[in-house]
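Side chains are part of it too, since the values below use all heavy atoms of this structure and drop only hydrogens, waters and symmetry mates. In what follows, every chain begins at residue 1, and chains take the letters A, B, ... in the order their sequences are listed.
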There are 2 protein chains.
Amino acid sequence: MAGSDLYTGTLDTMILKAVSWGAMHGYGIGRWIRQNSDDALEINEGALYPALHRLEKKGLLSEEWGVTETNRKAKFYKLTAAGRRQLKAEIVRWKKYSQAVTAVLSASSA
Amino acid sequence: MAGSDLYTGTLDTMILKAVSWGAMHGYGIGRWIRQNSDDALEINEGALYPALHRLEKKGLLSEEWGVTETNRKAKFYKLTAAGRRQLKAEIVRWKKYSQAVTAVLSASSA
DNA sequence: AGTCATACCTCAGTGGTCAAGGTATTGCTG
DNA sequence: CAGCAATACCTTGACCACTGAGGTATGACT
């Protein structure tokens with residue numbers, strides 16, 4: 001599975017966003033990100049699962065085993081209150097940061 | 001010197017951009033990035049200098065000792081041909097990537 | 001003489017990602 | 001019904017960029 005060479009640190013925020021309307025399982029989160037990025041981002045599983053565990057350990061996600069619509073067992077993640085706060089802050093940070101980098105990369109004089 | 005919590009991987013591209021109109025020394029590159037990001041990005045020197053050495057080692061920058069306008073000795077960096085090519089590619093990559101992440105973070109339905 | 005800004009550097013530690021391996025189950029298709 | 005793709009989870013070692021903190025030296029101004 002070819003990764004997308006992530007800019008480190010952006011994955012966690014996207015994961016939090018993915019579950020912001022309800023519980024989702026890991027594999028589905030990866031698929032959701034790919035789809036919502038118009039196939040630009042392909043999440044490496046070796047990055048995805050450690051990230052989920054990390055976020056759970058930080059108390060930003062809670063996990064629970066369940067069954068998918070297609071009858072498969074899967075671990076479902078949802079946002080905690082802290083996770084929702086974090087998501088909000090991270091989105092602000094991303095906006096500022098990406099605008100700053102874009103400004104730098106389109107500067108037209110020294 | 002407080003860093004800006006960089007998203008790993010974005011620094012190199014900004015450095016290449018900084019020297020795209022002519023040679024610049026390391027300390028000045030840090031200042032240039034800060035100014036062109038409207039003070040949003042404060043480059044940690046512990047990130048900056050290793051990055052310069054890295055890029056030089058990769059053949060994307062060439063370095064040469066010189067003297068600044070204010071009469072101080074400093075190491076000046078400029079783009080190599082490979083560096084210019086890399087910069088172009090990295091800017092494209094950043095545009096695609098940042099648009100993708102922004103799309104994901106502003107998705108409005110599951 | 002002292003201090004600030006400039007200008008360079010290194011190092012240990014941390015931590016996220018990649019690449020590659022693995023297990024198990026469902027469901028489709030030949 | 002055998003085989004295989006897709007789903008769904010996981011771990012591990014290696015790599016490497018960044019943080020935070022330390023350091024040296026010089027020019028300019030007070």
Legend entry - Distance in angstrom units between L48(B) CG and dT19(D) C1', rounded: 14 Å
Inset, instruction - Round to a whole Å and report the spacing from NZ of K57(A) to P of dT14(C). - result: 16 Å
Inset, instruction - Would you kindly give the CG-to-P distance between L6(B) and dT14(C), to the nearest whole Å? - result: 20 Å
Legend entry - Flag for Y27(B)-R72(B): side-chain donor and acceptor within less than 3.5 Å: no
Side chains of residues 76-89 of chain B: which donor-acceptor partners sit under 3.5 Å, not counting sequence neighbours?
| from | atom 1 | to | atom 2 | distance (Å) |
| --- | --- | --- | --- | --- |
| Y77(B) | OH | E63(B) | OE1 | 3.4 |
| T80(B) | OG1 | G59(B) | O | 2.6 |
| T80(B) | OG1 | L60(B) | O | 3.2 |
| T80(B) | OG1 | A82(B) | N | 3.4 |
| T80(B) | OG1 | G83(B) | N | 3.0 |
| Q86(B) | NE2 | E90(B) | OE2 | 2.9 |

Legend entry - Distance under 6.0 Å and angle within 45° of ring axis: R93(B) vs Y7(A): yes
Inset, instruction - Give the rounded distance in Å between these two atoms: CG of D12(B) and P of dA17(D). - result: 7 Å
Inset, instruction - Write down the distance between CD1 (I43(B)) and P (dA17(D)), rounded to a whole number of angstrom. - result: 15 Å
Legend entry - Any side-chain donor near an acceptor of the partner, S37(A) and Y97(B), under 3.5 Å: no
Inset, instruction - Grab the CD-P distance between E42(A) and dA19(C) for me, whole Å please. - result: 12 Å
Legend entry - Annotated protein contacts, base or backbone, on nucleotides 8-15 of chain D with a non-hydrogen cut-off under 4.0 Å, one of B, S, - each: BBBB----
Inset, instruction - Answer yes or no: is there a donor N or O on one side and an acceptor on the other, between the side chain of D38(B) and the main chain of A40(B), under 3.5 Å? - result: no
Inset, instruction - May I ask you to decide if Q99(B)'s main-chain N or O and T102(B)'s side chain share a donor-acceptor pair within less than 3.5 Å? - result: no
Legend entry - Whole-Å gap separating C1' (dC16(D)) and CZ (R54(B)): 8 Å
Legend entry - Interatomic distance where CG belongs to L55(A) and P belongs to dG15(C) [whole Å]: 14 Å
